[in-house]
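The shown structure was predicted, so the numbers you read here are calculated from the model rather than taken from an experiment.
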Amino acid sequence: MDCLLELLGWLRPDGHFDGVTEETRLQEDLQLTSCEMLGLVAMVESFTGRMLRWEAKLLTVGDLLDYLALQGIAIEEVLE
């Protein structure tokens, strides 16, 4: 999850992501805008070199991590 938090920090440098868990809701709790969500998608695709379909409804951080895992992406390895 540290990698995901680092990506979020790039999107919103003044954001406070302490206490984020898998149950944290992306839009309600983190208040990610649609532009920030697209930025997150772009960063994940850029770092992995893959275009993903993103048809799944991702409500929480856990949903996002689970979706990436189903796609064979270990998010913690993205920035290495």
Considering non-hydrogen atoms only, spot the tightest contact between [X] and [Y] and give its length.
X   : Y   : result
M43 : L11 : CE-CG, 3.3 Å
E28 : Q31 : O-CG, 3.6 Å
L58 : Y67 : CD2-CB, 3.7 Å
R12 : L30 : NH1-O, 2.9 Å
Q71 : R50 : O-NH1, 2.6 Å

About how many Å separate [atom2] of [Y] and [atom1] of [X], when rounded to the nearest 0.5 Å?
X   : Y   : atom1 : atom2 : result
D63 : L68 : CG    : CG    : 11.0 Å
C3  : L65 : SG    : CG    : 9.5 Å
E22 : L4  : CD    : CG    : 10.0 Å
F17 : L5  : CZ    : CG    : 8.0 Å

Next item on the list: Using distance alone, with no hydrogens and no angle criterion, decide if W54 and E45 have a side-chain donor and acceptor under 3.5 Å apart.
Entry: yes
Check: Should V61 and E23 count as side-chain neighbours, where that means a heavy-atom distance under 4.5 Å?
Finding: no
Next item on the list: Taking the side chain as every heavy atom from C-beta outward, state whether L64 and T60 have any pair of such atoms under 4.5 Å apart.
Entry: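 No - every pair of side-chain heavy atoms lies 4.5 Å or more apart.
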Check: Any donor-acceptor pair under 3.5 Å linking the side chain of T48 with the backbone of V44?
Finding: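 The answer is yes, because a donor-acceptor pair under 3.5 Å joins these two groups.
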Check: Same cluster or not: are L52 and V41 linked, directly or through other Ile, Leu, Val, Met, Phe, Trp or Tyr residues, by side-chain heavy atoms under 4.5 angstrom apart?
Finding: yes
Check: Would you say L32 and L38 are hydrophobically clustered, going by side-chain heavy atoms of ILVMFWY under 4.5 Å?
Finding: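 Cluster IDs for L32 and L38 differ.
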